[in-house]
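Remember, it's 1-based here, ligands and their atoms both numbered in the order they're listed. This chain uses plain numbering: 1 for the first residue, then up along the sequence.
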Amino acid sequence: MTHTTLPRTTRTTTPPAPRTTETRPSPAPSAATPDQGPDPLDIWPASTVPLPDEDLAVGGVPLTELAERFGTPAYVLDEDEVRRRCRTYLRAFPDADVYYAAKAFLCRAMAHWVAEEGLGLDVCSAGELELAVTTGFPPERIVLHGNAKSPADLQAALRLGVGRIVIDSTSEIARIAAAVPAGSRQKVLIRVVPGIAAGGHAKIRTGTDDQKFGLSLADGSAQHAITRVLGQPRLELVGLHCHLGSQITAVKPYLSAVRRLVGLLARVHEQHGITLPELDLGGGHGVAYRPGEPALDITGLAGKIRAELAGGCAAAGLPVPRLAVEPGRAIAGPSGVVLYRVLSVKRTGVHTFVAVDGGMSDNPRPALYGVRYAPRLVGRHSTVATEPVTVVGRHCEAGDILASDVQLPGDIRPGDLIAVPVAGAYHLSMASGYNLVGRPPVVAVTSGHARLLVRRESLADIQERDIGL
Ligand SMILES: Cc1ncc(COP(=O)(O)O)c(C=O)c1O
C-alpha cells in the first residue's frame with residue numbers, strides 16, 4: 001500500500017470543547033424546539049462550538065483562523081464528523097456492505113478515512129478508481145458504476161481488480177465480458193430501474209423509467225439483461241442494484257424498491273433456478289441543508305429495510321440476500337463547511353446582493369437544482385438587525401446565486417467572512433474552471449489541528465495545461 005502522509009500542522013489557539021460530539025445522534029432529523037425554533041448549529045458538524053465575536057470553531061479550530069491561514073474560498077472538512085457518520089452507517093447496517101459514494105467528494109485522505117472505518121467505495125470513473133487504489137484502498141471493496149463506462153474505465157477496473165461492476169445497459173454486457181481476461185470471472189450486478197419517483201429534484205431522480213440510468217423493470221429490459229449476463233461465462237451475476245435518486249428524506253420509496261426487487265429476485269429464481277446473493281439499494285439519503293429541514297434517519301431506515309426484506313424473502317421462499325448501501329451526501333455533506341469573503345454589497349432598493357469570492361464554479365448546486373443554504377456571518381459581532389439578502393458569486397452569470405433570500409446582518413460589508421454549512425458533498429466534486437478563478441483548497445480539521453488536504457488551484461496550474469499557441 002502506498003500511503004501519502006501529509007504533514008499535520010499545529011494549531012495556535014486552545015481548542016474549544018466540542019458541543020455534544022458523543023451524544024448527538026446523526027444523521028438524524030433536526031430537532032425543533034417550539035419556543036426558539038430549530039437550533040441554528042444543528043446542521044453543522046457536531047464539533048462546532050460558538051466562540052466570541054460570532055466566530056465558530058469546527059474540529060477545535062476557529063473558522064476565522066482557517067480563513068486567515070488558508071485564504072478564501074476554502075473548504076473545511078471535519079475528519080471526526082466523516083468518521084462518525086461512517087460508523088453510524090456501520091452500526092445501522094451491521095450485516096451489510098456500506099460503500100461510500102466517491103462522487104460526493106473524494107481526495108486521498110477521504111479514501112483513507114473511509115477505508116480505515118471499514119467501508120467500501122462506489123466509484124464511477126477511472127479517475128476516482130485510480131486515486132483510491134493508488135492511495136491504498138482495497139480494490140475488492142470497490143464497486144464501479146457508470147451509465148457510459150469508457151474503455152479506460154473498464155480497463156482500469158479489470159486491471160486493478162474491482163470487486164464489482166454494476167451493469168447499467170444491455171449494450172455493455174458483451175463489451176465487459178470481452179474485456180475480462182480468459183480464465184477469470186468478474187462479479188457484476190444489474191442496475192434495475194424500479195419505476196419509483198423519489199429525490200429532492202427532478203434532475204436527481206433516477207428510479208423512474210425513461211431516463212439515462214439503468215434497466216427498466218416495467219419494460220422487461222432488466223429481465224432481458226439478466227438472461228444475457230447469465231449467458232456470459234466470464235461474468236458472475238451476484239445481484240441486483242438500484243439507486244432511486246438523491247436527497248430522499250422518506251423511508252417509503254426504499255421499501256417499495258425492496259418489494260419490487262425481491263419480486264425480481266423471485267422471478268430470476270423461477271426462470272433460471274438461481275438465487276442471487278446480493279441486493280444493493282444505492283444511496284440518496286437526504287440531509288438538512290437549513291435548520292429545521294428533515295434528514296433521513298439512517299437507523300430507522302435500516303431497521304425498516306431489514307424488516308421489509310426479511311418479510312418479502314420469507315413470503316417468496318428466498319434466502320435474504322446480503323444488503324449493500326451507497327451513501328455519499330449523508331457522509332460528506334454535513335462534514336464540510338465552505339468559507340467565503342464578502343467582496344461587495346449592492347443595494348438595488350429591491351434586493352441586497354452580497355457578492356463573495358466564490359460562486360457557481362465551486363458550488364453549482366443552487367443553479368442546477370435550486371438548493372437552498374443557510375450562510376452565516378462569522379468573526380464579527382453585529383448589533384444591527386438581520387435583513388433578507390441574496391448571496392451571489394463572482395462569476396459572469398446572473399444566475400450565479402449561492403443563497404437567495406437569507407437573513408444576514410443589515411451592516412454586512414466587504415471583508416466580512418461568511419461560512420456555509422453542509423458544503424462537503426457535490427460542491428468541490430462538481431466544481432468547474434469557469435472564469436479561470438481556480439478551485440478552492442480543502443482543509444481537514446480534527447482535535448484542534450488543521451491540515452491542507454487539497455491545495456488551491458493556482459493560475460500556474462491553469463496555465464500549465466494550456467500548451468498551445
Ligand atoms: C449509483 C449511485 N450510488 C450512490 C449515489 C450517492 O448518492 P447520495 O450522495 O445522494 O447518497 C449516487 C449518486 O448519484 C449514485 O448514482
Show the atoms of ligand 1 that are less than 4.0 angstrom away from any heavy atom in [X].
X	result
Gly328	8 (P), 9 (O), 11 (O)
Gly283	4 (C), 11 (O)
Arg191	1 (C)
Ala101	4 (C), 5 (C), 6 (C)

Protein heavy-atom partner closest to [atom] - residue, atom, separation in Å:
atom	value
atom 11 (O) of ligand 1	Gly284 N, 2.8 Å
atom 5 (C) of ligand 1	His243 CE1, 3.4 Å
atom 3 (N) of ligand 1	Glu326 OE1, 2.7 Å
atom 10 (O) of ligand 1	Ser246 OG, 2.4 Å
atom 9 (O) of ligand 1	Tyr426 OH, 2.5 Å
atom 14 (O) of ligand 1	Lys103 CD, 3.6 Å

Side-chain donor/acceptor of [X] to backbone N/O of [Y], under 3.5 Å:
X	Y	answer
Ser429	Lys103	yes
Asp122	Tyr100	no
Ser335	Ile331	yes

I'd like to know if the side chain of Asp362 pairs up with that of Tyr340 as donor and acceptor (distance under 3.5 Å, no hydrogens or angles considered).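 Yes - a donor-acceptor pair under 3.5 Å links their side chains.
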Does ligand 1 have any atom sitting under 4.0 Å from a heavy atom of Ala330? no
Non-hydrogen atoms of Pro327 versus ligand 1: any pair closer than 4.0 Å? yes
Using a 4.0 Å heavy-atom cut-off, say whether Asp122 meets ligand 1 through its side chain, its backbone, both or neither. side chain
Counting heavy atoms only, which part of Arg329 comes closer than 4.0 Å to ligand 1: side chain, backbone, both or neither? both
Between [Y] and [X], does any NZ, NE, NH1 or NH2 come within less than 4.0 Å of an OD or OE carboxylate oxygen?
X	Y	value
Arg267	Glu270	no
Asp97	Arg164	no
Glu81	Arg85	yes
Arg451	Glu79	yes

Pair His145 + Tyr99: ring centers closer than 6.0 Å: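 No, too far apart.
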